[in-house]
*Asks:* 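I have a structure here, written as structure tokens, and I will follow up with some questions on it.
We use all heavy atoms of the structure for the numbers below, so side chains are in, but hydrogens, waters and symmetry mates are not. In the text below, chain A, chain B and the rest are named by the order of the sequence lines, each starting its count at 1.
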Protein chains: 2
Amino acid sequence: MSIKKLAAHLGLSKSTVSRALNGYTDVNEQTREKVLKAAQDIGYKANPTAKRLASGKSRNIGIILPAHSRMFVSSAFSKVLAAAAEFLAKHDYQLIVTTIFDWQDEQQVYFDFITSGLVDGVFIVRTRHLDPRISMLKKHQFPYVCFGFDTDFKNDCFVDVDNAQAFYDLTQRQIKHGHSRIAFLDAPNELTVSQARKQGYLQAMHEAHISIDPHWLLNGELNEHDAMKMTQKIMLLIHRPTCILCADDTMALGAIAACETLGYQVGIDIAVAGYGDYEHSRYTNPSITTVQYDIDAVGEGMSKLMLNKVEGKQFEVKNWHEATIVIRQSDDYFITNET
Amino acid sequence: MSIKKLAAHLGLSKSTVSRALNGYTDVNEQTREKVLKAAQDIGYKANPTAKRLASGKSRNIGIILPAHSRMFVSSAFSKVLAAAAEFLAKHDYQLIVTTIFDWQDEQQVYFDFITSGLVDGVFIVRTRHLDPRISMLKKHQFPYVCFGFDTDFKNDCFVDVDNAQAFYDLTQRQIKHGHSRIAFLDAPNELTVSQARKQGYLQAMHEAHISIDPHWLLNGELNEHDAMKMTQKIMLLIHRPTCILCADDTMALGAIAACETLGYQVGIDIAVAGYGDYEHSRYTNPSITTVQYDIDAVGEGMSKLMLNKVEGKQFEVKNWHEATIVIRQSDDYFITNET
DNA sequence: TTGTAAGCGTTATCAC
DNA sequence: GTGATAACGCTTACAA
């Protein structure tokens, strides 16, 4: 009864009040001022649910995170999300995070989400090759923006870090420092980032004419535990690596722990590097050589693309963000050894 | 037009269809089955926005997280949240996470949130003493549940870990191992958890008749950087501590890094302990002695209390959760030294 | 057991 | 410029 009450209070009709409040031009300026003032005084606030039902717009952007994956807790990713949310907030949009569990059907959850009217668009993370979520979104013509490129993407729907380049650089760095037995603990194969990272690694190895022992190329979840298991495996090989590249810094932490358990001194007996420049990486012992990128720019980019879609804005956005290596102690020895 | 369409399709009225769909008893079972089947076939899905407007209920529970604090990324806390969300999901409620930024007015953001109709209740975290958010929630009689106790709380509105006990135990442990110069890096004073933790620490010290150097009691944000700064400060004192207790494991990580930078060997020259059993704590070198609690139980407890409030459920919930010490290497020496 | 009709608080399309 | 009035898609008395 709220706008009605306000209208009654002012001796105006609901429609006039609505128009005044929503900045339409066909309203007498004095009327508008009166309405605005009264709304202020009376503490009137439009009911978003009603607005949503009437207008079909929610001014919410959603994201669905797997509750039990580390995505929900990865500090780097949370920062991306915070940056995205901040940009949205400045344009009077809200980011809504919701969760999905292992026991739920992904397609169903996404479908329910986009048909709920709760959000005007969704962010997709952990992009997979030929991602079924994206097929569905496309089919229903629902606005989406991905963090993570796939081969058939247009520039208006994704931002990504140049993972291939990052791991090309990282691998090349290790090769330069004398390594040839370089292992790579990659993320799950289904993720597009995994493909990109592996490709960068392979290319650098190939260009240096170093053959790769397939035992050194493993996939696992982005967490310490999986990395530990994988590291134990490869470090017990007779022909074991002298360097381990990890798909992110949590894996690096696990790899380092595994190496130390086995009696290796990381940074001296073996080099380890990660990706993402997670918060812990500069504080651990040894601190972790990693790859960083402009987190805020990525987050903002996602939101800009989203607003381009849902509001017809024309923000320019950079799809690809370069990554740069941050040198720390976990592969320190090989630097010092150099010259 | 959807329920209308479905009704027309079935030759029934909207109300009957609605009742059938929503499990009311005054519906012929055969009719209900027909409706359910038709809904399935036709792919009918009720529009949540319309439902919300009509019923005044959203089946959403909200939480507002400070986007730039570590709360958003603390792995332990995210797990609590995931557990809470999972329990809610099983009762057909959704958890909605949204963000607040430094430049926003907290009262306003909370007010907008609870009056938006988006959520039926809110979770409050980082509870502060005499928290203004809670005053407002109370005033508007909006359902809330806190993670973190304050002195005037009733049992129906909070769950908490027994922080006082945890830090009493932790401090006592260090005293038993011969420490008397025990520093405590606490979280910001305004948080109720900080008070509780400090109280436990003080009590243990007091009971052991150990006087406390006020320089050893510092407050800072729950992150590595603040902890590092504080640690540097206290370790440069002439009368410096032999043990540092930290309000959480990120602080412990920072404290350890600072000690090592200053040339101390953590676990041998100095003991460090944290709180929360964060993911990294078992993988760092040295691994971190910490305090753990039943994360899932806490999360579930929050959701149970919430459903008691918004749905009139009668779940029994345990308000206080005990914490237990997890012994690792960061204060290892003093254990071995014992017997 | 089912149908009718009045909301829920807005926006939007008309006339005026 | 302003005001009726009909949507939006559903719930819920109340009547039948």
Side-chain angles (χ1 to χ4, degrees), chain A residues 1-36 38-39 42-60 92 111-120 310-311, chain B residues 1-36 38-39 42-60 92 111-120 310-311:
Chain A
M1 200 92 86
S2 236
I3 202 180
K4 200 159 148 189
K5 200 171 100 191
L6 182 58
H9 175 73
L10 283 157
L12 289 167
S13 72
K14 290 195 303 179
S15 16
T16 305
V17 173
S18 173
R19 278 187 300 247
L21 256 20
N22 290 299
Y24 282 63
T25 53
D26 55 350
V27 177
N28 186 312
E29 264 316 309
Q30 310 196 344
T31 309
R32 185 196 305 281
E33 277 168 29
K34 254 192 294 187
V35 172
L36 257 24
I42 220 173
Y44 167 78
K45 294 242 329 290
N47 176 328
T49 304
K51 267 185 117 112
R52 201 168 298 148
L53 183 59
S55 69
K57 293 277 145 217
S58 72
R59 297 195 83 82
N60 287 149
D92 202 24
F111 180 73
D112 288 353
F113 197 52
I114 66 172
T115 54
S116 73
L118 196 63
V119 295
D120 299 337
V310 300
E311 290 251 289
Chain B
M1 201 89 89
S2 236
I3 201 180
K4 199 159 150 190
K5 201 171 101 191
L6 181 59
H9 175 72
L10 283 156
L12 289 167
S13 72
K14 288 195 303 178
S15 30
T16 305
V17 173
S18 171
R19 278 187 300 247
L21 256 20
N22 290 299
Y24 283 63
T25 53
D26 55 350
V27 178
N28 185 311
E29 264 315 308
Q30 310 196 349
T31 310
R32 185 196 306 282
E33 276 167 29
K34 255 192 295 189
V35 172
L36 256 25
I42 221 174
Y44 167 77
K45 292 243 332 287
N47 176 327
T49 304
K51 261 184 124 112
R52 201 168 298 147
L53 184 59
S55 68
K57 294 277 147 214
S58 72
R59 298 194 83 83
N60 287 150
D92 202 24
F111 181 73
D112 287 353
F113 196 53
I114 67 173
T115 54
S116 73
L118 197 62
V119 295
D120 299 337
V310 302
E311 289 251 289

*Asks:* How would you label the contact of B:Arg19 with the nucleic acid (heavy atoms, under 4.0 Å): base, sugar-phosphate, or nothing?
*Replies:* base
*Asks:* With a 4.0 Å cutoff (strictly under), does any side-chain N or O of B:Ser2 reach OP1 or OP2 of D:dG9?
*Replies:* no
*Asks:* Establish, with yes or no, whether the OP1 or OP2 oxygen of C:dT1 is under 4.0 angstrom from a side-chain nitrogen or oxygen of B:Tyr24.
*Replies:* no
*Asks:* Can you name the closest pair of heavy atoms from B:Ala38 and B:Leu10 and give their distance?
*Replies:* CB-CD2, 3.7 Å
*Asks:* Is the distance from OP1 or OP2 of C:dT11 to the nearest side-chain N or O of A:Lys51 less than 4.0 Å?
*Replies:* yes
*Asks:* So, OP1 or OP2 of D:dT11: does either fall under 4.0 Å of a side-chain N or O from B:Asn22?
*Replies:* yes
*Asks:* Looking at A:Ser55, I'd like to know whether one of its side-chain N or O atoms comes within less than 4.0 Å of OP1 or OP2 on C:dT11.
*Replies:* no
*Asks:* B:Asn28 near the nucleic acid: base, sugar-phosphate alone, or nothing, with a heavy-atom cut-off under 4.0 Å?
*Replies:* sugar-phosphate
*Asks:* Is there a side-chain polar atom (N or O) of B:Tyr44 under 4.0 Å from OP1 or OP2 of D:dC10?
*Replies:* yes
*Asks:* A:Arg59 and A:Glu311: which non-hydrogen atoms are nearest, and at how many Å?
*Replies:* NH1-OE2, 3.7 Å
*Asks:* According to a strict under-4.0 Å criterion, is B:Thr16 in side-chain N/O contact with OP1 or OP2 of C:dT2?
*Replies:* no
*Asks:* What are the two closest heavy atoms between A:Ser58 and A:Arg52, and how far apart are they?
*Replies:* CB-NE, 3.4 Å
*Asks:* Quiz question: going by heavy-atom distance under 3.5 Å, is there a donor-acceptor pair between the base of C:dT10 and the side chain of A:Lys14?
*Replies:* yes
*Asks:* What contact category does B:Lys57 fall into here, base, sugar-phosphate, or nothing, at under 4.0 angstrom with non-hydrogen atoms?
*Replies:* nothing
*Asks:* Touch check for B:Thr49, heavy atoms < 4.0 angstrom, all strands: base, sugar-phosphate only, or nothing?
*Replies:* nothing
